[in-house]
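Have a look at the structure below, then the notes.
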Amino acid sequence: MTVRRTMFGRPLRGVAFDVAVSVLVALVSLTAAVSQPGGWAATLVGVAMAAALLFRRTHPSAVTVVVAALALVQVIAEWGPLVYDVAVLIALYSVVKYGERLRDGVLAGAVAAVGVLLAAAQTPHVIQWWVTALWYALVTGAVWLVALNVRTRRLYVLSLEERATTLEREREAESRAAVAEERTRIARELHDVVAHSMAVMIVQADGARFMFDRDPAQARTAVKVVADTGRQALEEMRRLVGVLRDAGPGGGADGLVVAADPEHRRLALTELPDLLTRFGDAGLRIHSTVTGAPQALPPGLELTVYRVVQEALTNALKHAGVDAGVEVCLGYTAEAVVVQVVDNGLGRPLVSPTPSGGHGLLGMRERVTVYDGTLTAGPRPVGGWQVDVRLPLPSEPATEVIAA
């Protein structure tokens, strides 16, 4: 990126140009000091105009006022139009182009029109007065119109630059939001995989440790459950990492369209019986029912149902304990799919309770909210815990973004 050198907050090239213009006006004033009307007094007026032009970009309105006042002194002294009066046109151009408000340029144009009449009034003959006034008016009007055109183009370019800057900020904000959403998605997915698998493995490992001497066969079964659960968790972790790699550079813009991954489609309601079996092997007494006519669901909605059941069973295992009775009901209606998981809270407490991070219910609520669903979770009056989820069915099938 090229860095422009500046002086007093202004580009160095612009400062050099303004200095050159001011020096040129001053030299014209000094050169004509002897021959022009007013002599050295008029020359001092011209030099003062030249000095004011140094600030024509930063303070255009003030410079115009100063130059107009000096021109008025020249008119009152009846020195007539002089060569250095080009400073009046330069000041007029500057206030129209660089002024903060166009109203300043219009006012400067009106003052310049009055100045044209006053300057032409010093001409002795009527015909010559009309010719002089017409000439000054044409030159002044041309300068004003050129400055207005340049101002319009300048403001247009500035608006384009501002719009480009705004779009860049919006893209950066969208990128940051996508990154934050991706982190949330990863956190939810890791919680589902790790919390479920670790809870089952800890329960089975503790049970196997105490059953090695009493019932070796049951201990071996518990160890097998630990191994199978670990393999399942490793497979899901590998799937998650693969999706994240595909969403990197050259992949999706934000890595959220997970439904396109064929491996991710596999983790759906067809896997629900295996999930219930694993929790049954872990010690829960599960009774599952399906009401209504099962129907094909979008992949993201299937994953949400699967994760809700998984999280509810994990919480039942951690809090209700081994041998707790759990009712899992999956119901289909014309408008929604309903999930209900109820435990009786009558299980045996775990030997080493697994720590809870408190993010399970929050993760379920976030998943359900993505699909405009409702979640109700809380203790039952007769004991135990109940989770009710209602997920509206989409009216038309469409490619979706999975709330993973």
Side-chain angles (χ1 to χ4, degrees), residues 2-102 104-105 107-109 111-116 118-120 122 132 135-155 157-158:
T2 304
V3 179
R4 297 181 180 179
R5 293 178 295 174
T6 61
M7 179 179 293
F8 306 115
R10 298 162 57 189
L12 186 58
R13 186 175 61 180
V15 172
F17 182 79
D18 290 345
V19 170
V21 169
S22 299
V23 170
L24 181 61
V25 173
L27 288 178
V28 170
S29 302
L30 293 173
T31 302
V34 178
S35 59
Q36 65 188 0
W40 285 102
T43 299
L44 291 177
V45 172
V47 172
M49 288 184 178
L53 292 179
L54 288 172
F55 308 96
R56 69 184 190 90
R57 295 177 192 260
T58 56
H59 302 85
S61 298
V63 168
T64 303
V65 171
V66 171
V67 172
L70 293 173
L72 181 60
V73 171
Q74 177 184 338
V75 171
I76 293 174
E78 296 184 352
W79 293 335
L82 300 175
V83 179
Y84 61 71
D85 284 336
V86 68
V88 176
L89 299 177
I90 296 175
L92 176 64
Y93 176 89
S94 301
V95 74
V96 175
K97 179 180 178 181
Y98 299 111
E100 293 183 1
R101 299 166 299 182
L102 183 59
D104 296 339
L107 182 60
V111 173
V114 174
V116 166
L118 293 176
Q122 297 181 4
T132 303
W135 168 250
Y136 288 164
L138 289 175
V139 173
T140 305
V143 170
W144 195 92
L145 290 175
V146 169
L148 179 63
N149 181 59
V150 175
R151 174 192 177 89
T152 303
R153 292 179 59 85
R154 174 172 169 267
L155 294 179
V157 172
L158 290 177

Thr132 versus Tyr136: any side-chain heavy-atom pair under 4.5 Å? yes

Are any of the side-chain heavy atoms of Leu30 and Thr43 separated by less than 4.5 Å? yes

What distance do Leu155 atom CG and Leu102 atom CG have between them, rounded to the nearest 0.5 Å? 9.0 Å

Gap separating the CH2 atom of Trp144 from the CG atom of Leu148, nearest 0.5 angstrom: 4.5 Å

Nearest heavy-atom pair of [X] and [Y]: which atoms, and what distance?
X: Gly105; Y: Val96; result: CA-CG2, 3.8 Å
X: Ala137; Y: Val116; result: N-CG1, 3.9 Å
X: Val95; Y: Ala108; result: CG1-CB, 3.5 Å
X: Leu53; Y: Ala87; result: CD1-CB, 3.8 Å
X: Tyr98; Y: Arg151; result: C-NH1, 4.4 Å

Sequence neighbours left out, what passes side-chain hydrogen bond (donor to acceptor under 3.5 Å, both in side chains) with Ser94? Give chain and number order. Arg56

Determine whether Leu54 and Val19 satisfy the following criterion, side-chain contact (heavy atoms from CB on, under 4.5 Å), listing intermediate values before the conclusion. CA-CA 6 Å; Leu54 288 172; Val19 170; 3.9 Å; yes

Run the side-chain contact (heavy atoms from CB on, under 4.5 Å) check on Tyr93 and Leu89 step by step: do they pass? CA-CA 6 Å; Tyr93 176 89; Leu89 299 177; over 6 Å; no

Is it true that a side-chain atom of Tyr84 and a backbone atom of Ala50 form a donor plus acceptor pair closer than 3.5 Å? no

Inspect the surroundings of CZ in Arg154 and state if more than 12 heavy atoms from other residues, nucleotides or ligands are less than 6.0 Å away. yes

What donor-acceptor contacts under 3.5 angstrom involve side-chain atoms of residues 62-74, with partners at least two apart or in another chain?
{"from": "Thr64", "atom 1": "OG1", "to": "Pro60", "atom 2": "O", "distance (Å)": "2.8"}
{"from": "Thr64", "atom 1": "OG1", "to": "Ala91", "atom 2": "O", "distance (Å)": "3.3"}
{"from": "Gln74", "atom 1": "NE2", "to": "Gly80", "atom 2": "O", "distance (Å)": "2.5"}
{"from": "Gln74", "atom 1": "NE2", "to": "Asp85", "atom 2": "OD1", "distance (Å)": "3.4"}
{"from": "Gln74", "atom 1": "NE2", "to": "Asp85", "atom 2": "OD2", "distance (Å)": "2.7"}

